[in-house]
Protein chains: 2
Amino acid sequence: MKIKQNINVAVDIALFGYKDNNLHILLVKQGFGQFKNQWVLPGGFLKDNEGLLDGAKRELLEETGVNISSLEQLYTFGDNINRDPRARVISVAYLATANPSKMKLKADTDSIDVAWFEYIKIPKLPFDHNQIIKTAHTRLKAKLNYQPIGFELLSAKFPFSDLENLYMTILQRKIDRRNFRKKILGFNFLEETGEIKKHGSGRPALLYKFNRRKYMESLKEGINFEIKFA
Amino acid sequence: MKIKQNINVAVDIALFGYKDNNLHILLVKQGFGQFKNQWVLPGGFLKDNEGLLDGAKRELLEETGVNISSLEQLYTFGDNINRDPRARVISVAYLATANPSKMKLKADTDSIDVAWFEYIKIPKLPFDHNQIIKTAHTRLKAKLNYQPIGFELLSAKFPFSDLENLYMTILQRKIDRRNFRKKILGFNFLEETGEIKKHGSGRPALLYKFNRRKYMESLKEGINFEIKFA
DNA sequence: TCAAAAGTGTTGAGTTTACACCCATGC
DNA sequence: GCATGGGTGTAAACTCAACACTTTTGA
């Protein structure tokens, strides 16, 4: 079958990380071409013999050194035929979450730098990458309502306040500490470790960890978690 | 920018309709090529200078005569590199709903027939079209929980039982009539028309219509509607 | 008068929200 | 002893689920 089409297919990845009490997103600095030295989302062109998801994983690994097993397809951007000024390109965007402290970044193929950017301080990016990031954030917020989120973003052991903070950061609003704690603990996918964490001042915090098995169950079944409380 | 890629981009549309108390989906019979005379989802290749959504609308119109203004991007299928045996094709699938009674079907460019198929009786289709339909149905079910659905699927004036039936058909299970009515009426986007509809036997039904303004508000704001009740 | 479909309320259980003070530590 | 962040309970309001009989029509 001969098809005369001149459209290119790219994949882009919006990888969220949580560190320093703030939501971050991973960007790479382009190493070549018209947008050389500009920060963009990791991503690139799909290979002819490669599945979309595989392409996304490959690009992420090549450009950032980050190996993520679970990427979720976010949206395919291709309504604006000039979204890439160099050629007609549609981009299948993927969403993922990870814990930045666990990984070392490594620029490589096509990229000359990699870094975590604070979500609220993302600069203006080429293409429609700001829009992709916004869409990814909207999806992430929506996911909080029906899926437990945290396992991938936090360290193995963490004070409860980290989880509180993570939720407030993603949702970008205050939530009631007592009600939040009640609800989360009610899901039973958290366990106390018995350890405590001291920090400069204030009462030391008990450290919690995810019970992986129960967490995965909840992931599958979904949770009903609309945090409406102020 | 020169990119050596040999990947084609298609769009496919899963259009749901509700008639004869059953959920239907629109299929077309291919008029040419390897899959000539086979039923498939309406769709086709994107043009170089055409946005994805525009392409989906165009293909739907060309192949079925149906003009739909609101299509929702569903998912992009491209993990299986052999999903189309003729060439490497990724397909951006769209989801829409419509009222079959309002439209005349018209096969044209590329298609030699168009018809509504009962959802539960869809035959085995070429490519991954059965999977696309399944994904579309899953999304449609999910949408019931957070969006009012019905406006596009039902006639302008309808008995309440049509809406009940529609929900039961999409969800594929029984729901409690009293609770359903209470909940739906509570949203205030339905209005009594004052008219009644007689049918063979049984008590005649009051006819309702959607209050378009309030319906659209609810669409935007979303609704919280998990129909758990048996 | 019977069959068919439409219409209609209440109650108990569970969930959600709102809200404020004490505790353990470092300095 | 004070500043800092951690930890805790209850009551009122609301929402949800379960459940069965009456009404209106045509045949």
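No experiment lies behind these values; they were computed from the predicted model shown.
The side chain of A:Arg181 places an N or O atom within less than 4.0 Å of a non-bridging phosphate oxygen (OP1 or OP2) of D:dT8. Put simply, B:Lys182 has no side-chain N or O that comes within less than 4.0 Å of OP1 or OP2 on C:dG9.
Between the CG atom of A:Asn21 and the P atom of D:dG5 there is a distance of 10 Å, given to the nearest Å. Atom CG of A:Leu185 and atom P of D:dG9 are 12 Å apart (whole Å). The distance from atom CG of B:Leu206 to atom P of D:dT23 is 16 Å, rounded to the nearest whole Å. Between B:Phe180 atom CZ and D:dA17 atom C1' there is a gap of 16 Å when expressed in whole angstrom units. With rounding to whole Å, A:Lys183 atom NZ is found 11 Å from C:dT17 atom C1'. Rounded to whole angstrom, the span from the CD atom of B:Glu192 across to the P atom of C:dA6 amounts to 15 Å. The separation between B:Asn179 atom CG and C:dA13 atom P is 17 Å, rounded to whole Å. The nearest whole Å value for the distance from the CZ atom in A:Arg177 to the C1' atom in C:dA18 is 15 Å.
Counted by atom type alone, A:Asn99 and A:Lys102 present zero donor-acceptor pairs between their side chains at under 3.5 Å. A donor-acceptor pair shorter than 3.5 Å can be found between the side chains of A:His137 and A:Tyr119.
Judged by distance alone, with hydrogens and angles left aside, A:Asp176 brings no side-chain donor or acceptor close enough to the base of C:dA18 to form a pair under 3.5 Å. B:Arg178 contributes a side-chain N or O that forms a donor-acceptor pair with the base of D:dA20 under 3.5 Å.
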Below 3.5 Å is the cut-off: list the nitrogen or oxygen pairs between protein and nucleotides 25-27 of chain C, distance only.
from	atom 1	to	atom 2	distance (Å)
C:dT25	O2	A:Gly202	N	3.4
C:dG26	O4'	A:Gly200	O	2.9
C:dG26	O3'	A:Gly200	O	3.3

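Note on ring orientation: taking the six-membered ring where Trp is involved, the planes of B:Tyr75 and B:Phe77 are perpendicular (angle over 60°, cut-offs 30° and 60°). Ring orientation note: the planes of B:Phe117 and B:Trp39 are nearly perpendicular, at an angle over 60° on the 30°/60° scale.
In the displayed structure, A:Lys157 atom NZ is contacted under 6.0 Å by at most 12 heavy atoms of other residues, nucleotides or ligands.
Using a cutoff of 4.0 Å between basic side-chain nitrogens and carboxylate oxygens, B:Glu191 and B:Lys214 are not scored as salt-bridged.
For the pair B:Arg212 and B:Phe151, the cation-pi criterion (under 6.0 Å, within 45° of the ring axis) is not fulfilled.
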